[in-house]
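Residue numbers begin at 1 in each chain, while the letters A, B, ... track the order of the sequences.
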Amino acid sequence: MYIIVVGGGNVGYGLALELQQLPDYEVTIVELSGSRASALRDELGEMVVHGDGSEIAFLEGVGARRAELLIAVTADDGANLVTAQVARHWFKIPRVITRVNDPRNEALFRKLGVDSIVSASDAVMAQIEATMPEHTLVPLMALESAGLRVVSMRVQAGSTAEGKALRDLTLPTGVLITIVITPDGALAPDGSTVLRHGDEIIAVIPREADETLRAMVTGAHPDDGRS
Amino acid sequence: MPQSFSGVHSILVPVDGSEASYRAVAVAAETAKRAKAHLHLIHVIEVPRSIPLDAPLEGELQRGEAYLERAEQIASEHGVSVEGDLVQARQAGHAVVDEGVERGVDAIILGIDYHRPFGRFELGRLPQYVLEHSPAQVWLIRYPAPDAPRR
Amino acid sequence: MRVVIMGCGRVGAGLATRLAAEQHHVTVLDTDAFAFRRLLPEFDGRRLVGSGTDDRMLVQAGIETADMFVAVASGDNRNILASQKAQSMYGVKVVVTRVKDPLRAELFGRLGLRTFSPTKVGIELAHDALFAPGGR
């Protein structure tokens with residue numbers, strides 16, 4: 001899978017470090033500032049390219065036509081908005097994730113149908129990982145100091161969680177389900193949200209709650225890895 | 001044998017089909033023989049980002065094979081038997097430095113052309129990058145340009 | 001007509017002066033107060049210092065009741081952001097956007113903005129001038 005990240009600031013850099021470790025992902029990072037680009041290249045190597053990621057001709061050159069995901073995370077909302085629309089409408093990139101810096105711009109981004117709007121790199125990672133159907137449970141980013149991690153998992157048929165409202169589930173202590181992705185789109189759940197087979201949830205959990213939550217959502221038993 | 005050869009156990013030479021790169025191969029082979037060092041040759045195919053890195057590039061592969069064959073021939077004329085590698089990368093300089101690090105070479109020998117595109121001498125992108133980033137020794141071999149004015 | 005103009009460069013200032021002379025109600029926005037020096041003395045519209053991508057400034061400039069919005073600031077992306085805001089969030093009927101990059105101008109034209117590319121226009125004009133009859 002080929003991914004283009006536009007913006008080599010802290011968020012873009014953080015993403016690059018994460019994505020670099022995933023197998024089968026090819027990543028290009030586009031950075032507008034020459035000095036920043038060369039500093040990034042010293043660390044990340046040839047995945048870093050210096051250029052304007054909102055420019056159509058330039059994106060063409062870095063392979064936008066074969067990209068399956070573009071992530072626009074510059075500090076400039078105008079650049080992000082334009083890049084996202086160029087990605088979607090010119091290059092028809094199937095998935096586009098965009099960072100919105102000024103919360104007042106969020107409504108506009110939504111209205112223009114710009115896919116996903118997030119402000120922090122771990123949330124972006126959560127959304128990327130959520131697009132990997134081959135994994136039912138993917139530890140995303142160990143929030144080391146707090147002993148937390150962000151996980152995504154898909155609700156399986158016959159699991160404890162299937163068909164239940166969140167308020168009726170006895171979740172392990174400290175588990176916070178932050179996003180539920182249904183066939184109709186992503187939503188911020190509340191107690192009345194009912195989990196359906198095939199829904200994807202993204203949760204922040206204490207590390208030790210992994211297995212218990214997985215058992216509830218996917219039906220897999222912690223001691224029974226082979227089934 | 002000059003003392004500076006004593007630390008050299010393994011040498012890498014990038015081959016791009018230019019006469020300069022073949023001269024570097026000759027120098028490297030001669031050095032390898034005297035220092036009893038290993039010689040590695042690579043040819044880097046630069047793949048544009050618009051296509052996947054591992055895309056099959058028949059023409060480039062064939063050309064690369066031919067370059068390496070000639071380089072291997074030159075090395076063997078100097079008494080060193082060696083087999084070159086073809087590498088596909090986004091940027092040749094980066095690939096050369098990477099290969100050097102991976103193989104733990106302690107010298108990279110580059111042949112450079114006498115190149116004055118705008119009336120000013122230019123080193124070229126690859127030597128520039130390798131000089132800046134390689135942890136190993138870098139030797140530059142430059143012969144006079146065939147038509148260079150004599151002073 | 002009530003017109004909000006973002007960017008008081010040569011084009012923005014010239015257009016503002018002309019529209020004001022044509023009896024339209026004009027408000028000009030620029031991030032740099034020094035830019036207003038380009039307005040001719042007879043310009044009787046409003047001038048506001050601030051960014052056209054900033055909602056507070058847009059509202060202050062009267063975007064909610066404006067009939068037209070013109071984005072002729074220096075950056076293509078900022079012009080597009082402000083224009084899409086004017087159109088989608090504030091319901092401005094006529095939105096004109098300067099986009100220097102011809103490809104981006106084409107795309108956002110397709111997406112509903114009235115874009116024009118001075119680069120493209122300049123190339124056409126220069127080309128036509130080269131082959132115009134009557135050269136010496």
Side-chain angles (χ1 to χ4, degrees), chain A residues 4 6-9 12 30-33 51-65 67 70-93 96 98-115 117, chain C residues 4 6-7 29-31 50-61 63-64 69-92 95 97-120 123:
Chain A
I4 298 175
V6 176
V30 177
E31 167 58 40
L32 185 60
S33 143
D52 180 353
S54 64
E55 195 176 315
I56 292 173
F58 173 80
L59 280 178
E60 175 103 49
V62 298
R65 289 205 184 277
L70 180 141
I71 307 170
V73 287
T74 75
D76 173 354
D77 279 350
N80 291 346
L81 182 75
V82 168
T83 301
Q85 291 176 87
V86 164
R88 163 177 264 210
H89 298 293
W90 188 278
F91 293 109
K92 317 279 185 214
I93 297 176
V96 179
T98 316
R99 172 191 184 186
V100 61
N101 299 278
D102 180 347
R104 281 170 302 184
N105 289 334
E106 218 174 302
L108 173 69
F109 279 46
R110 249 181 245 291
K111 202 153 190 175
L112 293 171
V114 171
D115 283 5
I117 303 149
Chain C
V4 176
M6 167 190 178
L29 272 170
D30 201 290
T31 49
S51 167
T53 59
D54 180 339
D55 285 276
R56 275 173 309 192
M57 287 314 302
L58 285 172
V59 170
Q60 215 181 317
I63 195 78
E64 288 156 311
F69 180 79
V70 187
V72 285
S74 55
D76 282 359
N77 293 339
R78 290 176 350 103
N79 284 342
I80 292 168
L81 172 62
S83 296
Q84 291 191 315
K85 220 172 232 186
Q87 190 175 57
S88 304
M89 305 307 291
Y90 297 104
V92 180
V95 177
T97 315
R98 177 170 72 188
V99 182
K100 288 175 186 156
D101 175 9
L103 290 178
R104 247 177 289 180
E106 183 193 327
L107 175 66
F108 286 91
R110 268 195 261 149
L111 294 176
L113 298 175
R114 293 187 188 177
T115 58
F116 70 96
S117 164
T119 312
K120 196 175 169 206
I123 292 168

Trainee: Could you list every donor-acceptor pair linking chain C to chain A (distance under 3.5 Å, backbone and side chains)?
Mentor:
residue: C:Asn77; atom: ND2; partner: A:Ser54; partner atom: OG; Å: 2.9
residue: C:Gln84; atom: OE1; partner: A:Gln85; partner atom: NE2; Å: 2.6
residue: C:Gln84; atom: NE2; partner: A:Gln85; partner atom: OE1; Å: 2.8
residue: C:Lys85; atom: NZ; partner: A:Asn105; partner atom: OD1; Å: 2.3
residue: C:Ser88; atom: O; partner: A:Lys111; partner atom: NZ; Å: 3.1
residue: C:Arg104; atom: NE; partner: A:Ser54; partner atom: O; Å: 3.2
residue: C:Arg104; atom: NH1; partner: A:Ser54; partner atom: OG; Å: 3.1

Trainee: Considering only heavy atoms, which portion of A:Leu112 lies under 4.5 Å from any heavy atom of chain C: side chain, backbone, both, or neither?
Mentor: side chain
Trainee: Is any side-chain heavy atom of A:Leu108 closer than 4.5 Å to a side-chain heavy atom of C:Leu81?
Mentor: yes
